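Throughout, a chain's letter reflects where its sequence line sits, starting with A, and its residues are numbered from 1. Side chains included, hydrogens not; waters and symmetry mates left out as well; all remaining heavy atoms used. This structure is a prediction, so every number in the text was calculated from the model and none was measured.
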Number of protein chains: 4
Amino acid sequence: MRHDNSPAVQRERSFIEQARRLQIADAAAEAVAELGYAKTSLARIAEKAGISKGVITYHFGSKDEILRLVATQFFDRCWQYMEPRILAEETAIGQVKVWVGSQLEYFSTHRVEFLAMAEIMTNHRGGDGTLAYAEEIAEEIDGVAEILRRGQLAGELRQFDPRSVANIILRSADGVLSSWATSPSLDLMSQSSVLLDFIEHAIRKEPS
Amino acid sequence: MRHDNSPAVQRERSFIEQARRLQIADAAAEAVAELGYAKTSLARIAEKAGISKGVITYHFGSKDEILRLVATQFFDRCWQYMEPRILAEETAIGQVKVWVGSQLEYFSTHRVEFLAMAEIMTNHRGGDGTLAYAEEIAEEIDGVAEILRRGQLAGELRQFDPRSVANIILRSADGVLSSWATSPSLDLMSQSSVLLDFIEHAIRKEPS
Amino acid sequence: MRHDNSPAVQRERSFIEQARRLQIADAAAEAVAELGYAKTSLARIAEKAGISKGVITYHFGSKDEILRLVATQFFDRCWQYMEPRILAEETAIGQVKVWVGSQLEYFSTHRVEFLAMAEIMTNHRGGDGTLAYAEEIAEEIDGVAEILRRGQLAGELRQFDPRSVANIILRSADGVLSSWATSPSLDLMSQSSVLLDFIEHAIRKEPS
Amino acid sequence: MRHDNSPAVQRERSFIEQARRLQIADAAAEAVAELGYAKTSLARIAEKAGISKGVITYHFGSKDEILRLVATQFFDRCWQYMEPRILAEETAIGQVKVWVGSQLEYFSTHRVEFLAMAEIMTNHRGGDGTLAYAEEIAEEIDGVAEILRRGQLAGELRQFDPRSVANIILRSADGVLSSWATSPSLDLMSQSSVLLDFIEHAIRKEPS
DNA sequence: GATGAATGAGTTTTCATTCAT
DNA sequence: TATGAATGAAAACTCATTCAT
């Protein structure tokens with residue numbers, strides 16, 4: 001979830017260039033969310049953006065680069081939303097719950113981008129055929145695992161393997177999200193509270 | 001997960017025809033697992049199977065049909081493995097844990113097919129653009145939710161919305177699985193026991 | 001219209017072989033009439049005949065040969081119907097009108113075969129890309145032209161180029177036929193009498 | 001024969017785009033005239049035009065659209081040639097003869113396009129399997145029938161069913177044309193005068 | 001900066017034909 | 001005699017990318 005876009009590269013772009021890139025990225029997100037990763041083509045993105053196909057490869061060099069931007073941009077913004085909220089918590093349980101809860105909050109107000117990112121993350125592959133974004137996911141797991149570890153030391157949480165459970169926690173959020181992805185009418189926030197309750201019961205040390 | 005392939009259709013096929021279909025389906029599973037859904041083409045499947053492209057459409061009629069077979073066949077076999085093990089349990093907690101645990105067990109010995117199925121389920125879309133297999137997923141959630149409901153009535157489990165939690169439980173299994181998908185060296189079975197422990201803590205009624 | 005199928009070749013075929021060939025030719029006629037020349041494939045013919053694709057090329061050697069049989073068979077049968085009726089007439093006008101009239105009569109009771117033949121005649125081409133059946137058409141024109149010539153000598157018909165007019169007469173029949181081809185409900189026989197009247201007025205010598 | 005291409009759509013095309021479309025349409029007409037409808041493929045059209053296959057679908061979207069343009073363009077141009085000549089005539093017989101005669105005149109100077117149009121009209125089918133262009137043919141018949149009707153009221157023409165005879169007249173022209181189609185050396189204009197004479201005798205009221 | 005045009009490799013699918021059984 | 005199986009060429013069409021203007 002945490003991801004640093006190397007700002008050195010970005011600074012070289014003119015203002016108008018940046019605007020175009022964002023416009024194209026937005027159109028791409030829309031297209032991917034609607035059509036799915038496999039059926040999204042430059043032609044459809046251009047159509048959504050109301051521009052010609054040529055513009056896209058003029059600004060981006062490759063289709064890959066656009067989709068990468070869509071995903072990483074979403075990561076960054078989401079993390080900007082989450083980070084201060086997590087830091088404001090003091091207990092480990094609080095931090096974990098806010099990590100998951102604020103993420104879902106952010107997603108709930110950015111449905112299209114979320115759908116696009118999900119499609120891209122589960123499908124985008126590098127030249128060697130392996131999934132991209134494995135690193136980003138690992139980083140996020142590390143972050144949660146670190147919190148869990150501190151919670152165990154502080155006696156807040158029961159004993160378990162922190163990395164495994166961090167992974168499980170983050171993916172159980174995907175469960176709620178994937179229901180929401182297919183049924184937009186579903187109230188994500190109320191599902192979220194069921195989830196947070198579930199997680200709390202799963203990890204806290206029971207009062208003896 | 002539970003799915004009945006209408007056997008009437010299958011029975012009309014000759015033995016050799018069936019063998020070819022399975023061979024092609026296997027090659028397709030391999031291709032999807034390796035290349036991902038978006039980049040799997042009939043040409044690559046044919047290449048994997050060591051046959052000409054024409055053979056595939058001779059036996060299958062459409063790419064869709066192959067991928068459908070790959071997925072549903074895997075569902076069926078997995079459910080055949082899971083069902084007796086679930087029925088052998090008596091408590092709700094036992095059934096839920098065996099549901100998840102036996103599923104992971106089956107997956108762990110059928111890695112390629114699992115990867116293929118996962119790709120297909122998250123990407124395959126019907127003519128209207130909506131994800132196929134939504135129904136299969138809903139059925140599985142219903143099955144787990146029913147167990148949870150009975151567990152609550154029996155006083156085994158604490159109060160929560162059974163469907164929401166069923167969804168969360170099944171998706172948290174996906175969490176473990178997706179780590180395994182990217183890192184085959186990971187010991188799925190030991191991760192599984194962490195997960196089952198996690199689930200048990202999350203749903204059982206605490207002794208007062 | 002007059003066409004001799006070399007009987008030498010046919011006599012070598014067994015009875016059952018002949019029956020198969022006719023069955024296939026009938027199915028082919030049906031398929032061509034329904035789908036049009038361009039979209040008729042061996043697969044569709046086999047389907048109509050309720051046999052496997054292989055049987056067709058076993059009996060026929062090539063798709064071309066089937067379609068050729070469909071057309072020539074129809075020619076022959078139609079000519080068997082027309083010939084005695086034409087010979088029974090004594091005047092040139094009578095013979096011409098019966099030529100056209102009896103042809104339309106035969107067609108009216110063999111709609112499917114007629115449609116197939118029409119498709120095949122206007123589309124079937126030899127290896128050099130030229131239309132096949134040019135010869136058959138020329139023969140028929142010669143036959144009518146010969147009658148017209150005799151009619152002129154006998155003072156029945158006015159002066160005109162017999163071959164040109166023979167051609168025009170035969171094609172004006174196509175006019176009526178093509179309406180009937182697209183609107184099967186149309187009464188071909190009443191259209192036929194309008195046509196015969198039209199032809200008679202066009203060629204007879206007016207009483208001075 | 002009369003057909004209005006909605007000019008609104010065309011106006012949006014750039015000059016160069018239009019030129020390309022016409023070039024492709026010309027190549028398509030050539031290909032259809034030479035190979036016949038069934039054997040005309042995008043590959044052959046591209047070959048004739050000296051361009052790559054991709055260019056065609058870039059400019060046209062579908063094979064259908066090209067063939068439609070070839071046919072309708074020819075209709076439009078032919079009608080532009082015929083209309084003023086028909087309106088210049090005063091008698092019904094004159095109008096009918098000019099209708100047919102000017103059509104044949106136009107065709108005689110546009111042989112390739114005529115052949116292509118003929119192939120397309122007799123073979124092109126819509127999604128439902130029925131022939132396209134049935135409407136265009138009906139319109140032309142209506143036009144001639146209307147003239148005949150007026151000729152009957154004016155006492156110029158004898159009694160007959162105007163629509164049936166209009167159909168016969170137009171198709172008898174096809175007779176002459178189809179000879180010409182297969183034998184380009186044939187003098188179409190002299191055949192035309194035989195035909196016009198034939199038609200005049202067939203429909204005029206004989207002086208009593 | 002921007003774009004329309006062009007390309008050629010790639011997609012799925014259909015098809016006539018061959019062949020072993 | 002019959003057929004299911006296999007093939008490879010060809011079909012229409014899509015697409016990411018390049019390039020001249």
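Taking for each of C:R20 and A:R44 the nucleotide of DNA chain F with the nearest heavy atom, the 5'-most of the two is the partner of C:R20. Projected onto DNA chain F by closest heavy-atom contact, A:K39 and C:I51 fall at different nucleotides, the more 5' of which corresponds to C:I51. With the nearest nucleotide of DNA chain E identified for both C:A38 and D:V55, D:V55 has the one nearer the 5' end.
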Check: protein-nucleotides 16-20 of chain E nitrogen or oxygen pairs below 3.5 Å:
from	atom 1	to	atom 2	distance (Å)
E:dA16	OP1	C:K63	NZ	2.6
E:dA16	OP2	C:L42	N	2.6
E:dT17	OP2	C:K63	N	3.0

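D:R125 meets the salt bridge (Lys or Arg N to Asp or Glu O under 4.0 Å) test with C:E119; sequence neighbours excluded. Residues that satisfy the ring pair (Phe, Tyr, Trp, His ring centres under 6.0 Å) test with B:F60, not counting sequence neighbours, are absent from this structure.
Distance NE2 (B:H124) to P (E:dT12): 12 Å, rounded to an integer number of Å.
The residue A:I56 sits apart from the nucleic acid: no heavy atom pair falls under 4.0 Å.
Comparing the same atom, C1', in E:dG1 and in F:dT21 gives a spacing of 12 Å after rounding to whole Å.
The aromatic rings of C:Y37 and C:H124 sit perpendicular to each other, their planes meeting at more than 60°, with 30° as the lower class boundary.
Applying the salt bridge (charged side-chain N to carboxylate O under 4.0 Å, His left out) test to residues at least two apart or on different chains, the pairs with a partner in residues 38-59 of chain B are B:E34-B:K48, B:R44-B:E47. Residue pairs meeting the salt bridge (charged side-chain N to carboxylate O under 4.0 Å, His left out) criterion with at least one partner in residues 56-65 of chain B, sequence neighbours excluded, are B:R21-B:E65, B:D64-B:R68.
With A:H59 as the partner, the side chain to side chain donor-acceptor pair (under 3.5 Å) test is satisfied by one option alone out of A:Q23, A:Q18, A:E17: A:E17. Partner C:I120 forms a side-chain contact (heavy atoms from CB on, under 4.5 Å) with one of C:L67, C:I66, C:T40 and no other, that one being C:L67.
Residue C:H59 has a polar side-chain atom (N or O) positioned under 4.0 Å from OP1 or OP2 of F:dA2.
When base pairs are accepted only as Watson-Crick or G-U wobble with both N-N or N-O distances under 3.5 Å, DNA chain F takes part in stems of 3 or more pairs at E:2-21 with F:2-21.
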